[in-house]
Amino acid sequence: MPINYQLKTPFEDIALSLSGGGYRAAAFHLGSMAYLHRAQYKNKALLEHVRIISTVSGGTITGVFYAYWKQEKKSFPEIYKTLLKLLDELDLIQLSMTKLRTVEGWPEHKRRNIINAFATIYDEKFTKGGTFSSLEDMSDSHLREVVFNATEFNNGLLFRFQNARRMGNGEIIIPKQVKPEIKLGDIIAASSCFPGGFEPIAFPDDFLHKDAKEMAKLKDEGKFETPFGLMDGGICDNQGISSIISSERSLRKEDKVGYYYDLVIISDVASPFMAPFQFTMEGEEQPIAFFNNSIDKISKKINRYYKGVLFSLAIILFLSVLSLLISKGNNNWMLGAGIVGLLFSGPALFAIWKTKKETIKSIKGILKSLNEQPLFPFFMSKIKPLGIETLTIKQISRPLLDRIGSFMTLVQEVFLKQIRRLIYSDIYNTKKWQYRRISNLIYELGEPDFLQGRNLGKNKKYGPVAFAEDDEQSGPEVMEKILGTKIPKVAGDASGFGTTLWFTKDEQDKKTLDSLVATGQFTMCYNLIYYINLIKETPEESGYAALSKEDKEAMETLYAQLIADWALFRKNPRFMVDAV
């Protein structure tokens, strides 16, 4: 029997994914969830219709915080205001550096490094010692599933901290009895442990704590032969989409239905845009004459300066001793000069001589070990005729900088964006998701070119402002009519904020946090309007025509609220920030 991918019960069962991106992600997603809390469907907040949250990195800060405190019976306004205050006031870098320097209070089992300092701050400030035990049974919550994504470094696979199914992946499974002992602060740290900024967090070693009895027992019994590293979930899937697809696939098998989630909302702060690679151009003038020297010439200069410094110190040492001998111990200026000169020149002379000696010894040791490698002599035999020592620093630096720059671009831009495109294709190039998805993107209302590229005709047709059939407005005129003049500015400020874990004084004065939260709110409102207009304009294809009268009326009520709120956002894009 063919599966019917049309709408069945719109907005009843929603899946929400929260992308990575530091505080930018945490704040934008908080705003997106705030608007889902405001929008009503069948006398209940849309947020209460969310059945699964899948999060990555910065999105995990918001996802874990919401899921945990929801289980602790906190209302959404309480959760929202508390997290907003934490994001505004906590500089995680400064706090973690202080924690790292402090001897007292460091967790007994954790290695002393930056990622564990962050994990400790998350545990103390965000989740107050909470563990995964509070998220295993969510029968009293609108959430049925939570998935917090990381990447494990034994097999290079996505690693899921989840309640509904086995925790881990196809290669590594966390024993059932260990799941409830894992601290939520450590989960946030694992999910947001981005390469370059942090070292991997080790499981189970860095996850042990005084109440983790089962974890410690299994470790002692050899269950975990060696610790495995966990890092940022964005390495494998920065939007958390694959975990939602996997969840639906499992539920479809269990329930034997065509599909499970009525709507997938993808909240994303990652930019699809990429700055062109900048080559180090031939012929560029080097601002410092040093770059025009060859390695051989620099080596000779260093050696000459070294000998000159040693000779100068030896002269000072000789004069100091001579001064002491001439003064004969009498309390005069020669005695003082001799003592000062001796105390300065003697240790300096020894330190510089010893440093060079140890450096040469270390270099010889490295070269000796390299020569023992089978390929090193082969490569050296090919490189030696090139006469590298005669090349200038400028000649060497250009290809070297291009190589480093291209590698960093590959890792930070090309690789992650390619992964993003591949995962997006699973949900955007498949017919079954065509009328069951909403993208909520931080940059779309602050980048007019992107919004126009989304299809200007469709924006006129499905956007929140009505256009006459014969309306000939186009380009910027259409965008201004839809968005007004204030929304693009706030959205532009938000999308221009980096993926840091702090706000500078200037950013606090500019209320960047408010812009991020507000952008999540009005962008979610815009996309809900866009979505409803889309399915209403394609009633047969989308399945809207076959919906019950009750569902259509509920959708019309929601739509009226969205249009009214959009008018408020156009007047004041930040009107909701303090009104949740």
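Keep in mind that the numbers below use all heavy atoms, side chains included, and drop hydrogens, waters and symmetry copies.
In this structure, His209 contributes its side chain and Glu181 its backbone to a donor-acceptor pair below 3.5 Å. Looking only at distances, a side-chain donor or acceptor of Ser96 sits under 3.5 Å from a matching main-chain atom of Ile93. At distances below 3.5 Å, at least one donor-acceptor pair connects side-chain atoms of Asn163 with backbone N or O atoms of Val146. Although no hydrogens or angles enter the test, the distance criterion places no donor-acceptor pair under 3.5 Å between the side chain of His37 and the main chain of Ala45. Judged purely by atom type and a 3.5 angstrom limit, Thr512 uses its side chain to pair as donor or acceptor with the backbone of Glu507. Ser495 contributes a side-chain N or O that, together with a main-chain N or O of Gly492, makes up a donor-acceptor pair within less than 3.5 Å. With hydrogens and angles ignored, the 3.5 Å screen pairs no side-chain donor or acceptor of Lys74 with any backbone N or O of Gln71. Counting only distance, with no hydrogens or angles, the side chain of Ser17 and the backbone of Gln239 share a donor-acceptor pair below 3.5 Å. Judged purely by atom type and a 3.5 angstrom limit, Tyr23 has no side-chain atom pairing as donor or acceptor with the backbone of Gly498. Remark: the backbone N or O of Ala26 is paired with a side-chain donor or acceptor of Thr62 at under 3.5 angstrom.
Between Leu263 atom CG and Leu46 atom CG the span is 8.5 Å, to the nearest 0.5 Å. Considering CZ of Arg437 and CD1 of Ile265, their distance stands at 13.5 Å, rounded to 0.5 Å. Once rounded to the nearest 0.5 Å, the distance linking CD1 of Ile61 with OG of Ser192 reads 5.5 Å. A distance of 4.5 Å separates OG of Ser267 from CZ of Phe28, quoted to the nearest 0.5 Å. Taking CD from Glu136 and NZ from Lys176, the interatomic distance works out to 8.5 Å, rounded to the nearest 0.5 Å. Rounding to the nearest 0.5 angstrom, the gap separating the CD1 atom in Ile52 from the CD1 atom in Ile244 is 5.5 Å.
Within the 4.5 Å cutoff, the side chain of Tyr66 has no heavy atoms near those of the Leu30 side chain. Side-chain contact check for Thr120 versus Pro107: some heavy-atom pair is nearer than 4.5 Å. Between Asn113 and Ile201 the shortest side-chain heavy-atom distance does not fall below 4.5 Å. Contact check for Leu251 versus Tyr261: side-chain heavy atoms found under the 4.5 Å cut-off. Looking only at side-chain heavy atoms (C-beta outward), Phe76 and Met33 come within less than 4.5 Å of each other. Between Ile182 and Met215, the closest side-chain pair of non-hydrogen atoms falls below 4.5 Å. Between Glu444 and Asn527, some side-chain heavy-atom pair lies under the 4.5 Å cut-off. Counting heavy atoms from C-beta on, the side chains of Phe497 and Thr519 never come closer than 4.5 Å.
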Test log, rule side chain to side chain contact (heavy atoms under 4.5 Å, CB included), inputs Tyr122 and Leu92: CA-CA 9 Å; Tyr122 289 134; Leu92 293 181; 3.7 Å; yes

Chi angles and distances behind the side chain to side chain contact (heavy atoms under 4.5 Å, CB included) call for Val517, Leu87: CA-CA 11 Å; Val517 173; Leu87 294 176; over 6 Å; no

Stepwise, does the side chain to side chain contact (heavy atoms under 4.5 Å, CB included) test hold for Ile266 with Ile427? CA-CA 10 Å; Ile266 303 162; Ile427 203 166; 4.1 Å; yes

Met231 and Ile115: side chain to side chain contact (heavy atoms under 4.5 Å, CB included), yes or no, with the steps? CA-CA 10 Å; Met231 295 201 80; Ile115 191 58; over 6 Å; no

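Scanning all heavy atoms of the two residues, the minimum distance from Arg111 to Asp206 falls at NH2-OD2, 2.7 Å. Of all the heavy atoms in Arg24 and Val269, the pair that sits closest is NH2-O, 3.3 Å. When every heavy atom of Trp69 is checked against every heavy atom of Lys128, the shortest pair comes out as CZ2-CG, 3.6 Å. Of all non-hydrogen atoms in Glu248 and Trp433, the two that sit nearest each other are OE2-CH2, 3.2 Å. Between Asp232 and Ser57, the shortest heavy-atom contact is OD2-OG, 2.9 Å. Closest of all the heavy-atom pairs between Phe126 and Phe65 is O-CE1, 3.3 Å.
A salt bridge does not link Lys179 with Glu214: every distance from a Lys NZ or Arg NE/NH1/NH2 to an Asp or Glu carboxylate oxygen is 4.0 Å or more. With respect to Lys110 and Asp186, a salt bridge is recorded, a charged nitrogen being found less than 4.0 Å from a carboxylate O.
Glu171 and Asn154 are not linked by any side-chain donor-acceptor pair at a separation below 3.5 angstrom, with hydrogens and angles left out of the test. In the model, Ser139 has a side-chain atom that pairs as donor or acceptor with a side-chain atom of Asp137 under 3.5 Å. Under the 3.5 Å distance criterion, with hydrogens and angles disregarded, a donor-acceptor pair is assigned to the side chains of Thr9 and Asp262. Side chains of Glu145 and Ser247: a donor-acceptor N/O pair is present below 3.5 angstrom, by distance only. Between the side chains of Asn149 and Ser54, at least one donor N or O lies within less than 3.5 Å of an accepting N or O.
Around atom CD of Glu89, more than 12 heavy atoms belonging to other residues, nucleotides or ligands sit under 6.0 Å away. More than 12 heavy-atom neighbours from other residues, nucleotides or ligands sit within 6.0 angstrom of CD on Gln508. More than 12 heavy atoms of other shown residues, nucleotides or ligands fall within 6.0 angstrom of atom CZ in Arg165.
Between Phe159 and Phe203, the distance from one ring center to the other does not fall under 6.0 angstrom. Checked against the 6.0 Å centroid criterion, the rings of Phe132 and Phe161 do not qualify as a close aromatic pair.
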